[in-house]
Amino acid sequence: MNKNPKQKSNKIKARLPRGLADRGPAELAATREMIEKIRAVYERYGFEAVETPAIEYTDALGKFLPDQDRPNEGVFSFQDDDEQWLSLRYDLTAPLARYVAENFQHLALPYRSYRYGWVFRNEKPGPGRFRQFMQFDADTVGAASVAADAEMCMLAADTMEELGLRRQYVVKVNSRKLLDGILDFIGLSGEDNFYRRLIVLRAVDKYDRLGWAGVKQLLGDGRQDESGDFTKGAGLSEEQIAPIQYLLTRPPQNLQEGEELPSWEAADALYYNFKFGNDPARVPIRNSRTIETLRGHFNSPLFEQGLDELDEIAALAYRARYGSARILVDTSVVRGLEYYTGPVYEAELTFEVKDEKGRLVRFGSVAGGGRYDGLIARFTGQKVPATGFSIGVSRLLAALQHTGKIQVKPQPGPVIVTVMDKERMGEYQGMVKELRDAGIRAELYLGNPKNFPNQLKYADKRNSPCVVIQGSDERHRPGGPVVTVKDLMLGSRLSDKDSDRAEHLRRQSGAQMIVPREHLVPAIIQLLLQNRVIETDQIS
RNA sequence: GCAGCUGUAGCUCAGUUGGUUAGAGCGCCUGACUGUGGAUCAGGAGGUCGGUGGUUCGAGUCCACCCAGCUGUACCA
């Protein structure tokens, strides 16, 4: 068709857009398993499911209308045929706020709901960072009480436990009011300081990555990274930086000498290796101590209010017997989003793993959330308190794979009924049907049946537990027709690379059994049960 | 966006100071071993060396620009 001699190829190159991923059967099965576990916990807490579409009007997402030149900065956006801007959602919180505002009359407040789904961000992808990823989200709307926040923390902790991560995670809590109070205190309040507050927030959010030295530069004049790129700082003075440093570098506080923990808490507390003189001792952390030591440090009512909130959350968690190993008050947690107005929380994995190249991988934060009392007011004008929590499903799954908590192995394939004689396809199909009726995954070999080895190769690639063979030998048995059932799992264990072909075939015959045609189904069920491909309760 | 590194077959990579028809291993396909996954053996397909332009008698190799990927950094409402 194309007459251009310079045309190189009219083939389209098959390629995956960057930052996106295909997912195979193993990963899908693992994801499903994980989601069911999370869902079970959320349901137990009384949250109900609600789903919103992946596309929203751009303004509903809180993003200003896209730049005509760069409409996809950060979010994927496009114009509808009536010229209105639409965008793919970048989280599940903003769409929920829209849903609540739109259905306010009909919802029973406090409204508690959960949902999971894909969200999209048009940002530079990196290891473990995709442009499409899954979030699992829970929100309580219409409850101003910090009890709702405390419950989010407990929900987060219970979810991690359910996923088998006991003692491998910690839910950290802080209140945005602490930082806001300090910003007030150092004279950064008011509309005209909005931008500087934003810089401070961003800088502080990088604490775990850059450490205090890096954050300090960002709060001051600015910071130059290894590649030579310079980031302008917030331009704060030493006196303004000091209170922020106090908040950020203040570690969770230990139990005081003479104090004792009840045994449940001792077993559920986080310990620090702390030096008394020269003796290192493992000293438990107590959240109430962390809060106490911050009292009255700044002349700021907002700061004290934040401490009150944390105190209440800590007390509620304590009464529900969550120790500091599970819910930890940590004033260095900030979270980047500016819409948070009160308590913020983050579930962090505390273990480290090595990747294929032997490099250390820290999963860090796998979930987070907080109170956003202003989000729904954007639609209704009326302030509606809300608090929510989101799990990064894909990232958490990657972590679970590393700990071996979840199997991401290929699932066993179907039983393959092979074709020895293509005139008798109907009979083979009949065997398949019998197996399926018994609840067993089975399929007829649909490829070219000309050479038999290919059929076994196919079954091997599908990870099939066994194949069914019936050629003329089996059909014309004097005692009546039989089938050969070949156990591929046993066969692969029996194969030996050093042996020659004759030896190989002799060995393989040991992995086969001959059963009367009418006993096909029970024989296969027995084989699958023996190999743990199916469980007894799966037989129909 | 900024910076550094990388780009040769499906994958992992060789390719000498620029020199004929660009290679290997693995994988893939076909066949042999009369109806058995593996091993073995015999064949085969697959690359305008990321793209364009330049220097040169001659470029996978040198130069410029562009593109893509990776890493760091920024942005992430």
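Quick caveat: nothing in here was measured; it's all calculated off a predicted structure. Numbered from 1 within each chain, the chains take letters A, B, ... in sequence-line order.
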Under 3.5 Å, which donor-acceptor pairs do the side chains of residues 480-489 of chain A form with other protein atoms, sequence neighbours left out?
unit_1, atom_1, unit_2, atom_2, d
A/Thr484, OG1, A/Glu474, OE2, 2.6
A/Lys486, NZ, A/Gln508, OE1, 2.5
A/Asp487, OD1, A/Met489, N, 3.0
A/Asp487, OD1, A/Leu490, N, 3.0

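Every residue meeting the side chain to side chain donor-acceptor pair (under 3.5 Å) condition with A/Ser390, not counting sequence neighbours, appears here in chain and number order: A/Asp137. Annotation: salt bridge (Lys or Arg N to Asp or Glu O under 4.0 Å) contacts of A/Arg176 (sequence neighbours excluded): none. Take A/Glu191 and apply the salt bridge (Lys or Arg N to Asp or Glu O under 4.0 Å) test, not counting sequence neighbours, and it matches no residue. For A/Asp373, the salt bridge (Lys or Arg N to Asp or Glu O under 4.0 Å) partners two or more places apart in sequence, or in a different chain, are A/Arg371. Applying the ring pair (Phe, Tyr, Trp, His ring centres under 6.0 Å) criterion to A/Tyr428, with sequence neighbours excluded, gives no partner residue. Not a single side chain to side chain donor-acceptor pair (under 3.5 Å) links A/Tyr99 to another residue, sequence neighbours left out. Every residue two or more places apart in sequence or in another chain was checked for a ring pair (Phe, Tyr, Trp, His ring centres under 6.0 Å) with A/Phe379, and none qualifies. With sequence neighbours excluded, no residue satisfies ring pair (Phe, Tyr, Trp, His ring centres under 6.0 Å) with A/Tyr111.
Proximity of the aromatic rings of A/Tyr90 and A/Phe120 is defined here by a centroid distance below 6.0 angstrom, and this criterion is not met.
Applying a 4.0 Å cut-off to non-hydrogen atoms, the residues of residues 449-461 of chain A that approach RNA chain B are A/Lys450, A/Asn451, A/Phe452, A/Leu456, A/Lys457, A/Asp460, listed by residue number. At a non-hydrogen distance threshold of 4.0 Å, A/Lys486, A/Asp487, A/Leu488, A/Gly491 from residues 481-491 of chain A come into contact with RNA chain B.
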>> Output the pairing pattern of RNA chain B as a dot-bracket string, 5' first, Watson-Crick or G-U wobble with both distances under 3.5 Å, | for cross-strand pairs, [ ] for crossing pairs.
In response: (((((((..((((.....[...)))).(((((.......))))).....(((((..]....))))))))))))....
